[in-house]
Amino acid sequence: MADAPTRPRTGSHDLSVSTALARSMARDWAPSPLPLDARVTARAVTPARRARLSARFPGERLVIPAGELRVRSNDCDHRFRPYSAYAWLTGLTGEDQPGHVLVMEPSGTHDHEAVLYLRPRSPRTDDTGPHAGAFYRDRRYGELWVGRRPDLDEAERLTGIRCADLAELGGTLPPGREPSADPRLAAALAELRLVKDAWEVEQLQLAVDHTTAGFEDVVRALPRALAHPRGERWIEGVFGLRARAEGNGTGYETIAAAGAHACVLHWTRNDGALDPSQLLLLDAGVETDTLYTADITRTLPLSGRFSPAQRRVYELVLAAQEAGIAALRPGARFRDFHLAAMRVIAEGLAEWGVLKDAEGDLHRRYTLCSSGHMLGLDVHDCAQARAETYLDGVLEEGQVLTVEPGLYLQPDDLTLPPELRGMGVRIEDDLVVTADGARLMSSALPRTPDAVEEWMGALLDDA
Ligand code: GLY
Ligand code: MN
Ligand code: MN
C-alpha cells in the first residue's frame with residue numbers, strides 16, 4: 001500500500017520551508033477546475049466488465065490495486081502504468097493512479113458495489129493538517145510536482161464509480177481476494193479479457209494505425225540511421241518518438257535488430273550499427289493512451305532490395321504466416337495456427353536440405369518460440385488465463401492475436417549453408433477473429449517481398 005496519508009517526502013532538491021512561506025503557500029489560490037475535456041474514455045463499457053467479474057465471485061470481496069510506484073533510484077521513480085485489470089475495470093489508465101485500489105464489496109448475494117479508494121487532492125488552504133503543504137512539498141504526489149488529479153467527487157463523475165479517500169484503508173489492503181495472491185482471481189481477470197468488445201477492437205486498431213505510422217517513420221529515417229554508429233538505437237528512438245507522441249509510449253521494449261542480432265529473439269540492447277547488406281528486424285508497437293498495444297514485426301532489407309538468399313528465407317516465413325492466418329477461425333484450437341505455420345517451416349527446411357525430413361521437432365532449432373499470442377492491454381495478453389481457456393482452448397470471435405512465425409538462423413550454426421547463417425526473419429501481424437475467419441488489422445503494412453521493396457522505395461524517395 002501507498003504511504004498515505006503522508007508527511008511530505010523530501011528529496012535532493014527540496015528546500016526547507018519557512019513559516020512565512022508555508023503561510024503564503026496556503027493562501028490566495030483561485031479555483032482550478034478540471035480541464036473541460038477531462039474524461040474516462042472507457043466509462044460506458046466498464047460497468048458491464050465489473051458485472052461479469054461480480055458474477056464469478058458472488059459474496060466475496062475483491063480487491064484490485066492499481067499498483068505502486070517503483071523506485072528507479074533514490075527519490076526518482078519509474079513512470080507509472082496501472083495494473084491492466086485495474087485499468088480494464090475502472091477505465092483509469094493514467095500516471096496519477098499509484099496506490100489507488102478498486103474494492104468490489106459484496107452487496108446482496110449476487111452483486112457487488114464497486115468503491116474506488118483514491119488519493120484526493122491535497123487542500124491548499126490547510127497549513128496545519130496531515131496534508132499540510134503536500135501540494136507543493138510532496139514530490140511523489142503533490143500537484144505542483146506531478147500535476148493535478150481529480151478530487152473524489154470529480155473522480156466519481158468521471159468514472160461513474162463511488163469514490164472514497166484512500167486514507168480510509170489505513171495503509172493496508174482490506175482482506176479479500178487480491179490478484180497477486182489469488183491465482184483464481186488473476187485467472188478470472190485474464191479470462192474475462194480474452195474476448196474483446198467492439199470498443200477494445202477500435203482501440204487496438206488505433207494502436208495498429210499509429211504503429212504503421214511509426215514503421216513508416218523508421219523507413220524514412222534509414223539514411224540517418226545507416227550513418228549513425230548505433231543505427232539500431234536511432235531506429236528505436238524514431239519509433240519511440242511516434243509512440244510517445246501519439247500514445248502512451250511503446251507497449252513493450254522495441255526490438256531493432258540488424259543482421260545476426262535478429263537471431264536473438266528479444267534483442268532490445270539495440271546498440272548495433274546497420275549495414276546495407278543486412279536485414280533489419282523491427283518488432284515494435286504503440287500503446288494508446290487507453291493502454292492497448294499493437295505488436296508488429298517487419299523484416300526489411302536495409303538496401304531497399306532483398307538479396308536472393310534473403311528473399312528465399314523471407315518467402316518461407318511468409319508462407320508459414322499465411323498458413324497460420326488461414327487456420328484462424330472460431331472453434332479452431334488456439335494451437336492450430338502455430339502448428340500450421342510450423343508445418344510449412346519444417347517442410348521448407350527439409351526442401352533446403354537443412355532437415356532430413358519435415359517430421360519431429362528438429363525445426364524448432366531454427367524457430368525457437370511459438371507463433372503468436374493474445375493481444376490487448378498487455379502485449380502478451382491474458383497470460384494468466386487457465387490453459388483450458390487459452391493455450392489448450394479454442395478461438396472465439398472477438399479475440400485479437402498475433403501470428404508471428406520466424407526463422408532464426410544463427411551465425412554460428414554449422415547445420416546451415418554459410419549463405420543463410422546470421423539471418424533472422426519474423427513477420428508479425430495483428431488479427432481479430434471474426435465470425436468465419438480473421439481480419440488482418442495491420443494490412444496497411446506490406447508483407448510480400450515485392451510490396452515491401454515498393455513501399456520502402458516510395459518512403460525513401462520522400463525522405
Ligand atoms: N515483441 C514480443 C512479441 O512479439 O511477442
Ligand atoms: Mn508478439
Ligand atoms: Mn512482437
Side-chain angles (χ1 to χ4, degrees), residues 81 84 190 193-194 196 204-205 207-215 218 232 235-236 238-240 242-243 247-258 261-270 279-288 291-300 314 317-318 320-322 324-325 327-328 334-335 337-338 340-342 345 364 366-385 390-391 395 399-408 424-433 438 440-447 452:
R81 181 192 188 277
S84 295
R193 287 168 35 214
L194 277 166
K196 273 59 184 177
L204 282 159
Q205 187 63 59
V208 166
D209 294 347
H210 291 320
T211 300
T212 299
F215 274 67
V218 164
E232 292 177 343
I235 284 165
E236 178 190 327
V238 168
F239 188 84
R242 176 65 69 171
N248 190 48
T250 52
Y252 52 92
E253 294 299 324
T254 294
I255 297 168
H261 288 164
C263 301
V264 179
L265 288 176
H266 286 172
W267 178 259
T268 54
R269 294 182 207 169
N270 301 344
L279 293 172
L280 168 75
L281 185 156
L282 175 62
D283 183 342
V286 174
E287 179 183 81
T288 59
L291 306 185
Y292 288 84
T293 189
D295 179 11
I296 297 179
T297 305
R298 286 294 179 270
T299 307
L300 309 172
Y314 189 97
V317 175
L318 181 60
Q321 197 205 27
E322 294 288 2
I325 290 173
L328 300 177
F334 173 78
R335 294 191 194 277
F337 74 90
H338 169 67
M342 287 304 103
I345 293 273
R364 289 180 54 190
Y366 313 99
T367 60
L368 298 173
C369 67
S370 89
S371 307
H373 51 84
M374 296 295 173
L375 186 67
L377 283 167
D378 295 319
V379 61
H380 293 170
D381 208 33
C382 311
Q384 297 189 69
Y390 180 1
L391 297 179
L395 295 178
Q399 290 179 337
V400 175
L401 74 172
T402 70
V403 178
E404 52 170 307
L407 270 174
Y408 309 100
V425 174
R426 173 161 69 254
I427 309 170
E428 176 171 28
D429 282 275
D430 302 342
L431 297 108
V432 55
V433 179
L440 188 58
M441 301 175 78
S442 40
S443 59
L445 286 172
R447 289 188 303 131
V452 166

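Both ligands and their constituent atoms are indexed starting at 1 by order of listing. All figures in this text were calculated on a predicted structure; none of them were measured in a lab. Below, all heavy atoms of this structure are taken into account, side chains as well, without hydrogens, waters or symmetry copies.
With contacts defined as side-chain heavy-atom distances shorter than 4.5 Å, the pair His373/Glu404 qualifies. When side chains are defined from C-beta on, Arg426 counts as touching Leu265, because their heavy atoms get closer than 4.5 Å. No side-chain heavy atom of Leu375 sits under 4.5 Å from any side-chain heavy atom of Tyr292. Side-chain contact between Thr211 and Phe215 is present, with at least one heavy-atom pair separated by less than 4.5 Å.
Residue-level contacts of ligand 1 at the 4.0 Å heavy-atom threshold are Tyr252, Asp283, Asp295, His373, His380, Glu404, Glu428.
Paired with Val403 under the rule side chain to side chain contact (heavy atoms under 4.5 Å, CB included), one option of Leu440, Leu431, Asp429 passes, and it is Leu431. Partner of Tyr252 under the side-chain hydrogen bond (donor to acceptor under 3.5 Å, both in side chains) criterion, out of Thr293, Asp283, Thr268, Asp378: Asp283 alone.
Using cut-offs of 30° and 60° for the angle between ring planes, the His266 and His380 rings count as tilted.
Between Leu377 and Glu287 the shortest heavy-atom distance is O-OE2, 4.4 Å.
In summary, an N, O or S atom of His373 is located under 2.8 Å from the Mn ion (ligand 2).
In this model, no donor atom of one side chain and acceptor atom of the other lie less than 3.5 Å apart for Asp295 and Thr402.
For the Mn ion (ligand 3), protein N, O or S atoms under 2.8 Å: 4 in total.
Using a 4.0 Å cut-off between a side-chain N of Lys or Arg and a carboxylate O of Asp or Glu, Arg447 and Glu322 qualify as a salt bridge.
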